[in-house]
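Take a look at the structure below.
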Amino acid sequence: MIFLKNILKTLSLLLLTTVSIHAQLLNQETTFTRQDSLRGGYGTGRSWWDVLQYNIQLHVDLENKAVSGYNDITYAIIKDTKAPLQLDLQEPMQIEKIEDRDTRQPIRFQREGNVFWLNIPRDAGNRKTRTIRVYFRGNPIVAKTPPWDGGWIFTKDAEGRSWASTATQGIGASTWLPCKDHQADEADRGITLTIHVPDSLAAVSNGRLTSKTPAPDGTTAWKWTVSQPINTYLITPYIGHYVNFNDTLQGEKGRLDIGYWVLDYNLEKAKEHFKIVKPMLRCFEHWMGPYPFYEDSYKLIDAPHLGMEHQSGVAYGNKYLNGYLGKDRSGTGWGDDWDFIIVHESGHEWFANNITTKDIADMWVHEAFTTYTETLFVQCRHGLKAANEYLAGQRKNIRNDVPVIGPYGVNKEGSSDMYDKGASMIHIIRQLINDDEKFRGLLRGLNRDFYHQTVTGKQIESYIIRKTGKPLQKIFDQYLRTTDIPVLTYTVNGSKVRYKWTNCVPGFNMPVQLGGGQWLTPKEQYQEAPASILTDGTLQVNPNFYIRVAQAS
């Protein structure tokens, strides 16, 4: 998923403590338009057809910040209907014409804002698989502050030469590419992307380079092939003065090809700085299972923005610094000796690229688990105590502004707390499992059982509840659907301690471990225990639990 779209706001709050905010459920007061519903919903124009493959020809005019080409869209008809086909391409981009590739007949269409409605003939026999060719051109939306806002990036490298790419999570690949721009439908058979650029430049993308063809007009066509399912927001061209070096990893599924595409003047420092990649991949395979895209390789690519999880072609822009642009976001020191962007964006290969949510409202599945991969990497590198401290340090970034889950069907995510608050929720679940081999089995099971699938957040919640055998629903409701942090309230009366949960959803009864190792199961009504559970006269809780503790008067 993109890395921390609200990071600028988050960084400004690093020195602030989080405050309790009145719970806000998922009826956030926001007005949405028909265009929002067309973009984020899965209505009749989308539900009857399933994308199988995109084959894209892309010409990039760097001087005029324009793109053109065509997209051959192969799809399966999965429902009989007379509904038109909804195709997405955002203004000011234009569709020039559309044709059926089998009959060579033109297809009529009309525009409604960022959506094109295609009148697909229903008298073309019993074909259940069809291909249409969509010709497009125009000046796509240009991102102002990528990757936090989306679009194309047309810029210059440090030597003043052309450098371009895209960053389109959230806003969507339909900023430049006519496609079915919804996370629920991936191109099941993958894509090809052929990028035509001047001979002096290299063009890089997802997957593997399958051909490089010079043309008489002084351009070269770089063809990249992705053989595995891929979401539209992950499809990315990179254009610049790139050079390449390679490595391999003997991983859980055999030989994994690793490629690095960097600007020519970054070659030597990249060879040193990217040495973190192989131990990181080994760590992630241990915890989460095999890298999900062996067939398409793993790549790191210099990008003209901070970074993003583009499948098998991870965008890298952290200026060859450790931490996040040279700083440890946790403030603990445990993030000082590794590159945050490499680790975080690569973690998304498991959570976001392998397991993808159908609706961006559930983006916590991408970001909570991927933020937690940072904790796992710290554990691989420095041990469990360091990992616990790193995770606790991240909590200073939590804002508790709106719920983590956003409104469905309108292409709107929830709070940026999906990162650090989401990771803390996962850490709580790890404590409740209280067996790291079982917790590791849960992470690996998620990536095995939802391999290359799109899912709902509720599917993931239900899976975790079923596999752990623990009543976790109220924990999900508390941390994902409200902004309140539960408070363990207690009183001391002589030899007795009375305790209960407050500031919580109805029925909240999460067990909690005390600093001395004892477990309590508070409820919404007072429970009683001997005062011996106190430490220095107070109730002290294992800091791996993201709660507050308050002594009532």
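Residues: numbered from 1 along the sequence shown.
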The criterion is ring pair (Phe, Tyr, Trp, His ring centres under 6.0 Å); which residues satisfy it with Phe476, sequence neighbours excluded? none
Establish, from distance only, whether the side-chain atoms of Tyr408 and Asp362 form a donor-acceptor pair under 3.5 Å. yes
For His273, ring pair (Phe, Tyr, Trp, His ring centres under 6.0 Å) partners two or more places apart: Tyr320
So, Thr456 versus Lys358: side-chain donor-acceptor pair below 3.5 Å or not? no
So which pairs with a foot in residues 181-191 pass salt bridge (charged side-chain N to carboxylate O under 4.0 Å, His left out), sequence neighbours left out? Arg39-Asp181, Lys180-Asp185
Going by side chain to side chain donor-acceptor pair (under 3.5 Å), name the residues that satisfy it together with Thr175, two or more places apart in sequence or in a different chain. none
Applying ring pair (Phe, Tyr, Trp, His ring centres under 6.0 Å) to Phe284 and not counting sequence neighbours gives Trp350
With sequence neighbours excluded, give me every salt bridge (charged side-chain N to carboxylate O under 4.0 Å, His left out) pair touching residues 507-521. none
Does a side chain donor of either Asn509 or Lys474 reach within less than 3.5 Å of an acceptor in the other side chain? no
Applying side-chain contact (heavy atoms from CB on, under 4.5 Å), name anything that partners Thr166, two or more places apart in sequence or on another chain. Trp152, Thr168, Trp176, Thr236, Pro237
May I have all residue pairs that pass side-chain hydrogen bond (donor to acceptor under 3.5 Å, both in side chains) and include part of residues 378-390, sequence neighbours excluded? Trp334-Glu389, Asp337-Arg381, Asp337-His382, Glu374-Tyr390, Gln379-Arg430, Lys385-Glu389, Asn388-His427
Are Asn322 and Asp336 close enough, and set up right, to give a side chain to side chain contact (heavy atoms under 4.5 Å, CB included), and what steps lead you there? CA-CA 6 Å; Asn322 284 332; Asp336 282 334; 6.0 Å; no
Measure the spacing between CG of Leu267 and CH2 of Trp261 and express it to the nearest 0.5 Å. 12.0 Å
Return the minimal non-hydrogen interatomic distance between Tyr54 and Ala187, and the atom names on each side. CD1-CB, 4.0 Å
Could you please spell out the steps behind the side chain to side chain donor-acceptor pair (under 3.5 Å) verdict for Glu367 and His348? CA-CA 8 Å; Glu367 299 300 351; His348 274 307; 3.1 Å; yes
Taking all non-hydrogen atoms of both residues, which atom of Asn397 and which atom of Asp417 are closest, and how far apart? O-OD1, 4.3 Å
Rounded to the nearest 0.5 Å, what separation is found between the OG1 atom of Thr373 and the CG atom of Leu443? 10.0 Å
In terms of side-chain geometry, is the basic nitrogen of Arg481 or Glu461 positioned less than 4.0 Å from the acidic oxygen of its partner? yes
Going by the rule side-chain contact (heavy atoms from CB on, under 4.5 Å), which residues pair with Lys278 if we only count those two or more places apart in sequence or in a different chain? Asp247, Leu249, Ile258, Arg282
Which residues pass the side chain to side chain donor-acceptor pair (under 3.5 Å) test with Asn447, sequence neighbours left out? Asn354
Nearest 0.5 angstrom please: Ser312 OG to Tyr291 OH, how far? 5.5 Å
Main-chain N/O of Leu234 paired with Asn206 side-chain donor or acceptor, under 3.5 Å: yes
Is there side-chain contact between Phe293 and Ile230, with at least one heavy-atom pair below 4.5 Å? no
Examine distances only and state if a side-chain atom of Tyr238 and a backbone atom of Pro304 form a donor-acceptor pair shorter than 3.5 Å. no
Looking at the rings of Phe351 and Tyr372, which for Trp means the six-membered one, are their centres under 6.0 Å apart? no
Please list all pairs passing the disulfide (SG to SG under 2.5 Å) test where one or both residues lie in residues 306-380, with sequence neighbours left out. Cys283-Cys380
Checking His286 now: which residues fulfil ring pair (Phe, Tyr, Trp, His ring centres under 6.0 Å) with it, not counting sequence neighbours? none
Quick one: are Gln513 and Gln518 in side-chain contact, heavy atoms under 4.5 Å? no
